[in-house]
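Report on one structure; see the data block that follows.
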Amino acid sequence: MAKITSVRGFRDILPEETPKWQRVEEKIRSIFYDFGIREIRIPVLEKTELFKRGIGEATDIVEKEMYTFLDRGNEYLTMRPEATACVIRAYIEHHLYEKDPIAKLFTIGPMFRRERPQKGRFRQFHQINVEFLGQEDPRIDAELMAMLMHLLGEVGIGNLKLEINSLGCDICRPAFRETAIGFLKEREDKLCADCQRRLETNPLRIFDCKNESCQETITGAPLILDFICDECRSHFEKVMEYLGLLQVPFVVNRRMVRGLDYYTRTAFEITTESLGAQNAVTGGGRYDGLVEMLGGPAISGIGFAIGFDRLIAMLPDTDGHDTKHPHVFIAALGNEAQRHAFSLCNSLRQAAVRAEMDLSGKSLKSQMKRANKLGCTHTLIIGDAELAEATAQLRNMQDGTQETVDIKDVQALKQRVTA
RNA sequence: GUGGGUGUAGCUCAGUUGGUUAGAGUGCCUGGUUGUGGCCCAGGAGGUCGAGGGUUCAAAUCCCUUCACUCACCCCA
């Protein structure tokens, strides 16, 4: 039979790698708890309209990357390409703002975008999302970023660059947009082919272009920071001030823009050298108009998404099994011994001792080899003769010491192993 | 969607200007040695050389097509 493979861009995370994911997730959850951020679990499938309205109809994500299909019943559904819009949808749908005007939420899970896969980019990828709703104070921006940097540090990642910018608001952005486009149009012929196209589709994106000649032609171009209104300016300055107070290092990147339309004011990105071209580990920002845009009250928000897969890729590999915890291998020789070992194995597991045994009746040598491979801390060798006396030899794999133990007394056995 | 690179054993890879039964290391299995595992020794299993077509007496090797993986562009986390 021909074999069936996974779908392009969708990958398996094998048992050797999952401990890494679990460790990070555990750490992150505990930090979220300390910062008063509570988990919300949301569906993977949403109505297409949610993303069209939330992310923006003209964005690449909505235009060409979403997994959208017509469901039975003539309704367009989409595998979520990002989480913020979904969290806001749930926030509005359940009137969470009625119970408490302030909400700090996190969610972890897979997202789907049909891009061409490459290093650090998959069609199913995982994000850790945090959203702070109902607070407009610049301190909340600083708090969020400080927490984020702390979290990444705790997980074991250094050498990160936090870049921030302000994108202005509905009041100041249109004026900037117009002058910027005017400036770029005048120099259209000097821009690279991609940027010429962007001029039509997403002109602000040109400021992000990595092409050197483009960077040269746009020096002296108007910058959003010179156009933002007094309120946005004051907000941005306070954010920087508070970041300083919290001792969070950052640089202002006056050219940074975001790919989703809902961002306003504070925008930030965390990059690293070690990930190849896909160097953004985290992106985020303020979205003060989104809740209203999705049919809720005028409530401000700010959040970020960590690329979980990219985060994991930055961490050193660990061995698949841990040898720290007690782990007994029962090597049984002979039918009766096997019989007893099977039952003993079960009892040990129920007594919260990790236990393994071999069921194929292999030689003692192979059994020991397997015990070693599994990283067992102890081996218990039972033969039919030992069975009559209800004792067996327990060997500590680390220091080589051995002792005779009662194999009928599971609790005593547990004590010997966990000592 | 556009380009480059790579597809040979479970894994990492050799394979000369086309030339007999396709190789190594590692892992797996069996046995020996060892104080009952690690080290060492011997043996064994495992490959439609990504797939399809073509050139040739002869193709893993050359040509075409296709698929997959990968890196980069684009975009983003």
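Being a predicted model, the structure only gives us computed values, none of them experimental. Residue numbers begin at 1 in each chain, while the letters A, B, ... track the order of the sequences.
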Pick the [atom1] atom in [N] and in [M], then give their distance to the nearest Å.
N     : M     : atom1 : answer
B:G52 : B:C13 : C1'   : 26 Å
B:G7  : B:G15 : P     : 10 Å
B:C63 : B:A72 : P     : 28 Å
B:U34 : B:U16 : C1'   : 43 Å
B:U2  : B:U66 : P     : 12 Å
B:A60 : B:A14 : C1'   : 12 Å
B:C57 : B:G50 : P     : 24 Å

Hey, is [X] close enough to [Y] for a salt bridge, meaning N to O under 4.0 Å?
X        : Y        : value
A:Glu39  : A:Arg41  : yes
A:Glu143 : A:Lys104 : yes
A:Arg286 : A:Asp141 : yes
A:Glu163 : A:Arg254 : no

Rounded distance in Å - [atom1] ([X]) to [atom2] ([N]):
X        : N     : atom1 : atom2 : answer
A:Met397 : B:G38 : CE    : C1'   : 9 Å
A:Asp399 : B:G35 : CG    : P     : 19 Å
A:Arg116 : B:U2  : CZ    : P     : 8 Å
A:Ile4   : B:A68 : CD1   : P     : 15 Å
A:Arg123 : B:C69 : CZ    : P     : 9 Å
A:Met66  : B:C75 : CE    : P     : 18 Å
A:Gln398 : B:G38 : CD    : C1'   : 13 Å
A:Phe106 : B:A77 : CZ    : C1'   : 18 Å

Scan [X] against the nucleic acid and name what it touches under 4.0 Å (heavy atoms): base, sugar-phosphate only, or nothing.
X        : value
A:Arg370 : nothing
A:Ala305 : sugar-phosphate
A:Ser366 : sugar-phosphate
A:Gly276 : sugar-phosphate

Suppose we define a pair by two distances each less than 3.5 Å, Watson-Crick or G-U wobble; what does [N] pair with here?
N     : answer
B:U2  : B:A72
B:U66 : B:G50
B:A58 : none
B:C29 : B:G43
B:G23 : B:C13

Let's see if you can work this out: which of [options] has an atom nearest to the side-chain heavy atoms of [X]?
X        : options             : result
A:Arg113 : B:C73, B:G37, B:A77 : B:A77
A:Gln278 : B:A77, B:C74, B:G32 : B:C74
A:Lys362 : B:C75, B:C29, B:C69 : B:C29
A:Lys119 : B:C71, B:C73, B:U30 : B:C71
A:Arg395 : B:C75, B:G37, B:G32 : B:G37
A:Lys373 : B:A72, B:C28, B:A77 : B:C28
A:Asp60  : B:C75, B:C28, B:G37 : B:C75
A:Leu260 : B:U30, B:A77, B:G37 : B:A77

Open item on the list: Does either side chain, that of A:Asp137 or that of A:Gln135, offer a donor lying less than 3.5 Å from an acceptor on the other one?
Closed with: no
Task: Proximity of A:Phe69 and A:Tyr76 rings by center, below 6.0 Å - done: no
Task: Sequence neighbours excluded - ring-ring contact (aromatic ring centres under 6.0 Å, His included) pairs with any residue from residues 272-295 of chain A - done: A:Tyr262-A:Tyr287
